[in-house]
4 protein chains.
Amino acid sequence: MKAYEIRGGFGLDKLVPCERPDPTPGPFQVRVRVKATSLNYRDLMMVEGRYNPRQKLPLIPNSDGAGVVDAVGPGVTRVKPGDRVMGLFSQAWLAGEPSRTAQATTLGGPLDGALAEMMLLHEEGVVPTPPHLSDEEASTLPCAAVTAWSALVTQGGLKAGDTVLLQGTGGVSIFALQIARMLGARILHTSSRDDKLERARSLGAHEGINYVTTPDWDKAARTLTGGTGVDHVVEVGGAGTFEKSLRAVRLGGTVSVIGVLSGGAGTAPLTPILMGNLRVQGVFVGHRQSFEALNRALTLHNIHPVVDRVFPFTEAPAAFEYLKSGAHFGKVVIRVE
Amino acid sequence: MKAYEIRGGFGLDKLVPCERPDPTPGPFQVRVRVKATSLNYRDLMMVEGRYNPRQKLPLIPNSDGAGVVDAVGPGVTRVKPGDRVMGLFSQAWLAGEPSRTAQATTLGGPLDGALAEMMLLHEEGVVPTPPHLSDEEASTLPCAAVTAWSALVTQGGLKAGDTVLLQGTGGVSIFALQIARMLGARILHTSSRDDKLERARSLGAHEGINYVTTPDWDKAARTLTGGTGVDHVVEVGGAGTFEKSLRAVRLGGTVSVIGVLSGGAGTAPLTPILMGNLRVQGVFVGHRQSFEALNRALTLHNIHPVVDRVFPFTEAPAAFEYLKSGAHFGKVVIRVE
Amino acid sequence: MKAYEIRGGFGLDKLVPCERPDPTPGPFQVRVRVKATSLNYRDLMMVEGRYNPRQKLPLIPNSDGAGVVDAVGPGVTRVKPGDRVMGLFSQAWLAGEPSRTAQATTLGGPLDGALAEMMLLHEEGVVPTPPHLSDEEASTLPCAAVTAWSALVTQGGLKAGDTVLLQGTGGVSIFALQIARMLGARILHTSSRDDKLERARSLGAHEGINYVTTPDWDKAARTLTGGTGVDHVVEVGGAGTFEKSLRAVRLGGTVSVIGVLSGGAGTAPLTPILMGNLRVQGVFVGHRQSFEALNRALTLHNIHPVVDRVFPFTEAPAAFEYLKSGAHFGKVVIRVE
Amino acid sequence: MKAYEIRGGFGLDKLVPCERPDPTPGPFQVRVRVKATSLNYRDLMMVEGRYNPRQKLPLIPNSDGAGVVDAVGPGVTRVKPGDRVMGLFSQAWLAGEPSRTAQATTLGGPLDGALAEMMLLHEEGVVPTPPHLSDEEASTLPCAAVTAWSALVTQGGLKAGDTVLLQGTGGVSIFALQIARMLGARILHTSSRDDKLERARSLGAHEGINYVTTPDWDKAARTLTGGTGVDHVVEVGGAGTFEKSLRAVRLGGTVSVIGVLSGGAGTAPLTPILMGNLRVQGVFVGHRQSFEALNRALTLHNIHPVVDRVFPFTEAPAAFEYLKSGAHFGKVVIRVE
């Protein structure tokens, strides 16, 4: 099979095409013919050696892939050849509390990922694709959409009438917008560009805040909530924005931290966390029960992920460059086949 | 002031007009000029002596009223004259766990209620009326809408993509429909009449089940959920329906019991509760934080309660008769002024 | 290997010794040499055909077994030969919400159980035995102790200072006593015999109520809680006791239903559930994360299960008879090897 | 009445005795004759102007006081003269979510506090004193003990068998030790002094870690938990310790932030919060339902707060100096009468 691997060191120039033997499914394993894979900022960091410098190479990158089961090993009962499936980000996190095992079985590092014609996965590590989604669309869900769902629903309990503040127009934030909208929440969305805010509004955001022209967006958020503050912030930016996020949120509110996945890293001042009785909740993607619940919601509401651009398999490095440019709105996808 | 009171015994014929002295607010009290009051099945049972045969008489019935603050006593800071407010069902239940005090301070019995030109309440016992609602609409919220919100949100945690089964077209069920819709849930609605199902569909129900033509509506619910069962049933009917509700719900699902408020009373078989790992959750209306959260959601989504019919104050007994007939869809209201 | 199976129909006389081929572990499977198996009322009902009359025969009964891994199939990483383990009641319920699969993979019916010299289980379906426990002791945990933990902890959230009411001296109730004690709760314990109440007190119960001499034990429970009622009842008795349980519990309190496992079956009146804002929670044993949490607690507190009597393998039917007599206090165990 | 007030500026030298008119309870108010008041680090910061430099002066400091009701205003029903009570830290936070009102009604700033012979409080703002406690002991509960309870129980859900890491021997940490012990948790306790660790062990700590001789106490905590990490850290130290706390906690674990109350202030790195799926939970003391639950637990377990030293009223400034020295183990109390 054809694949890309990070080989001989880190860096986008080390992401090279390769040929690997076609895998054969062992007991309880399934072989997925990958149709599409999407990019997360984590994947870019992985290629550049910023995510885990000790990652063993070569590695096939990308946590997210969707395709079709084309062979199953002995004992498999959850799926059959021909089934459309997506890979589970953390192959061993099915429900409940996270664990070392869950952390050690993530696709696209440390395990080989989806930038390949085939993936060999345990039958428990795949999730049926919602019928209304194309493979390109489905390939965007395993990391970014599940992260947004975990933040707002599984760990956040966001409900109709609550207010959530979302930052920027990367994959997680746009999924958070679509999910918050399904949940009936009010959405304040920030961006550096008015045209992107306009698109966010067309997707259901109630208010747009341009943080370039309104650098005190935390105060704007408080004003828009009658001085109370928002119930939930999905923090993707890290250092620069975190203090403002803490000022934008209400007493007893929640800030979900997903920043590293977007490249951010920073620090949180403890005093406002304490005085505001705030919860700062790290979100390391999520488990299969969350993924399945997300899919039920997407199906009921006929929601399609926002795919910014689809690159052919032969131009995979260009897709990473494009993601790195930050010009996208929603998800960047690579068509594998 | 003019009022109605249950006097000299129970029964609709004992519901009589009366004259009471205008109340004067003491410290921390507010006087509300009632504009409208809505009827709940509980109010009917109260008048007929079926809710609490030991209730002391005379009693001004009706838990639900909306109007305008027209006088405040010393120390009041939460509201001011001119504010539009609704009464809190349980005057002393502000948040957290219920208590004996909460149970002993419900309006319309044991305390005097809203079928009067004025109500004298503690300032903590009123909630601001959402601006987009008329007084008639607002008067429908304190019991039925808060019950539906407590069942689905505060105690139920219903989320987008979940499936809820609702029964009939009384006040609580129609509010549950509107709330479940805001939450992004899928709604299966039962009724004995196709025209009512049609109205439920127009309000957002995804599926209607006529339990006369489909007496095995529990099986229908399972079929409509791919054999899994629904996540949540709001049980209003009591004896006849409860066993079917237990069969309609998924493993680990929830049945909210609000039946007595609708006149039902029955028994639940324990074996299916155990084998299904089910939760059967009694819902005794709810606290002020739930009411306030409900109001935020109604306001954001611009939802108006479904008012079936408005009776003039002079025809209060006829309003009770109409509620008793079961012909209504949504809420029955009495205009006080 | 030697085993017992239910063969040719239901009834204690149909529980007969048999010889089965030694199982060979396939991929991801482990073979457990069973050292001890304990009896639950469910096992007795299974043998007598009262639990599931459609159960396919022959069946090796008993959900609970403990022993030593003596062979592993390809791919096994969670355990190795020589490890002491216990079987998981529901082989496929690892965490989170229950599912049909979880329900369909319980040991001792529909799957073959532990009344045999060997069990062949998936590696995910075993849990390490706490080092301080003997095999006889460990064999008592998978059904009864996990049920008590799920009821009080996973689903119940019982905390220090809360009051719990426990009924009788069967396996689940005695585990609930030991667990409630570890959690720092106050324990009211009922029984028909003063000597058993004395033993319950010696294990940590704060109050004993003889329900023969105090048939209104619900009132006694209210009196002992200053009129408030208890926070939690673990209901094992079914029909006769359930109404009293509902009267013994406080507003907003919880009644855990585990009665069928003890042979009870009955009905619950809905009105007190509603008026008391009560939660009635069915408990179908529990998942592996609960089992593991239980083991951590037992280990920290050096708690040993209460084993009433150990029968040799050759007298398995007598062990069932003894369980049926109701004379036991705690668990009845069969030594397999 | 006699009192102390901060007058004419901040600083320990500005804490001066004064005479105030005896307060007279208005409607729904109670007058408490203060018997004892305890010191929290917050009170010291308040006096020194570090807690809220904009606090209006003069101010009677101290959030925590216990005494006896000696007069009640019209309408009071919750207590009567002669009842032993403690003040509620946040007078308006009775249950549920925190609010601006809750934050604006804390005793000892912005409202006058307990370093006085009398306090005038709303009847909802007092809590009955557990009978087994002296007034000195009771005076230690409102801030520090409720904070520890909120962190571990209300917001933390700590359970038997879980492991908690506690830091130092200030008031909150010692209450957390006593509470964690009641809950059945395993306790790792850090201190700079072996003799204090010995005292912590005598109170129930399972392991003591001297962070002077073991500066990598985070690694020690991981080793003591088999590499997993602890379930919960109660973080009191702030800047220096927070990063280590994040490394000491398990995947999916919780760090409660109460540092400012102990004088600390610092920052939290976001990356480990994200990668560990950690929850960082600010704890702003807590509500009345938590206080009441704490009292039930203390009463059941006959737990007495650890009072380090009691100063006479005339030596109040010396008590503050002593607290500032950090030499205490547990709580510092001032006897008022």
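All values below were derived from every heavy atom in this structure, side-chain atoms included, with hydrogens, water molecules and symmetry-related copies excluded. Below, read A as the first sequence line, B as the second, and so on, with proteins coming before strands; counting in each chain starts at 1.
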So, taking the atom named NZ in D:Lys159 and the one named OG1 in C:Thr154, what distance separates them when rounded to the nearest 0.5 Å? 7.5 Å
Rounding to 0.5 Å, atoms OG1 (D:Thr228) and CZ (C:Arg296) come to a distance of 8.0 Å
Would you name the heavy atoms of C:Ala297 and D:Ala160 that are closest together and state the gap between them? CB-O, 3.6 Å
List for me each residue that meets salt bridge (charged side-chain N to carboxylate O under 4.0 Å, His left out) alongside C:Glu136, sequence neighbours excluded, and say none if there are none. C:Arg335
Contacts of type side-chain hydrogen bond (donor to acceptor under 3.5 Å, both in side chains), residue C:Arg181, not counting sequence neighbours: C:His206
